**Student:** 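Pasting in a structure now, in structure tokens, and then I'll have a few things to ask.
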Amino acid sequence: DFFDFRVLGRGAHGAMPHLGVDPVTATAAVVQSLQSIVSRETDPLSSSVISVTKVSCGDAYNVIPSGCTVGGTFRSLTSAGLDALRERLMEVARQVAL
């Protein structure tokens, strides 16, 4: 299975970061948290993987973007494992990005 989601913020000029809400730092926290799901929350004897394979945030060097997109895949050998990964992936992404 695959996933795609957006982390929304409020864009601002890089010289005035206090006027924005930086989605880049929130996205970095989400990606780091997703990486710990398999290593800390799944049975090591069941094969599971979450791979964040794409992140896109803005296209200017001096502008804090208004949002980021994150995508990737998750896999497990069982349907129950896939369901658990899907549920936890969505939960972590929502909670960390708040």
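Side chains are part of it too, since the values below use all heavy atoms of this structure and drop only hydrogens, waters and symmetry mates. Fair warning: this is a prediction, and the values are worked out from it, not measured in the lab.
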**Student:** Counting only heavy atoms not in Arg86, do more than 12 sit closer than 6.0 Å to its CZ atom?
**Tutor:** yes
**Student:** Taking all atoms of both residues into account, what is the closest heavy-atom pair of Ser76 and Gly81, and its distance?
**Tutor:** OG-CA, 3.4 Å
**Student:** Which pair of heavy atoms, one from Ile64 and one from His13, lies closest together, and at what distance?
**Tutor:** CD1-O, 4.3 Å
**Student:** Of all the heavy-atom pairs spanning Phe3 and Val52, show the shortest one and how long it is.
**Tutor:** CZ-CG2, 4.1 Å
**Student:** So do Ser46 and Thr78 actually touch side chain to side chain, heavy atoms under 4.5 Å?
**Tutor:** no
**Student:** Kindly check if the number of other-residue, nucleotide or ligand heavy atoms within 6.0 Å of CD (Glu41) is above 12?
**Tutor:** yes
**Student:** Check step by step if side-chain contact (heavy atoms from CB on, under 4.5 Å) holds for Lys54 and Asp4.
**Tutor:** CA-CA 9 Å; Lys54 62 180 189 168; Asp4 283 294; 3.1 Å; yes
**Student:** For the CD atom of Gln35 and the OG atom of Ser39, what is their distance to the nearest 0.5 Å?
**Tutor:** 8.5 Å
**Student:** Closest approach of Ser48 and Val38, non-hydrogen atoms and distance?
**Tutor:** O-CG1, 3.3 Å
**Student:** Are the side chain of Arg10 and the backbone of Leu19 linked by a donor-acceptor contact shorter than 3.5 Å?
**Tutor:** yes
**Student:** Which pair of non-hydrogen atoms, one from Val70 and one from Val31, has the smallest distance, and what is that distance?
**Tutor:** CG1-CG2, 4.3 Å
**Student:** Would you find more than 12 non-hydrogen atoms of other residues, nucleotides or ligands less than 6.0 Å from Arg88 atom CZ?
**Tutor:** yes
**Student:** Taking the side chain as C-beta and beyond, is there a heavy-atom pair between Leu34 and Ile37 under 4.5 Å?
**Tutor:** yes
**Student:** Within this structure, what is the CZ-CG distance for the pair Arg75 and Leu85, rounded to the nearest 0.5 Å?
**Tutor:** 12.0 Å
**Student:** If we only count heavy atoms from C-beta on, is the Thr69 to Val7 side-chain gap below 4.5 Å?
**Tutor:** no
**Student:** Evaluate Phe74 against Val49 for side-chain contact (heavy atoms from CB on, under 4.5 Å), listing each step before the verdict.
**Tutor:** CA-CA 6 Å; Phe74 58 101; Val49 65; over 6 Å; no
**Student:** If you count the non-hydrogen atoms of other residues, nucleotides and ligands that lie under 6.0 Å from CG in Asn62, is the total more than 12?
**Tutor:** yes
**Student:** Could you report the tightest heavy-atom contact between Thr53 and Gly72, atom names first, then the distance?
**Tutor:** OG1-CA, 3.4 Å
**Student:** Between Asp1 and Thr73, is a side-chain contact (heavy atoms from CB on, under 4.5 Å) present by the stated rule, with each step listed?
**Tutor:** CA-CA 6 Å; Asp1 287 9; Thr73 62; over 6 Å; no
**Student:** Say you draw a straight line from OG of Ser33 to CD of Gln95; how long is it, rounded to the nearest 0.5 Å?
**Tutor:** 11.0 Å
**Student:** Is the shortest side-chain heavy-atom distance between Val24 and Pro65 below 4.5 Å?
**Tutor:** yes
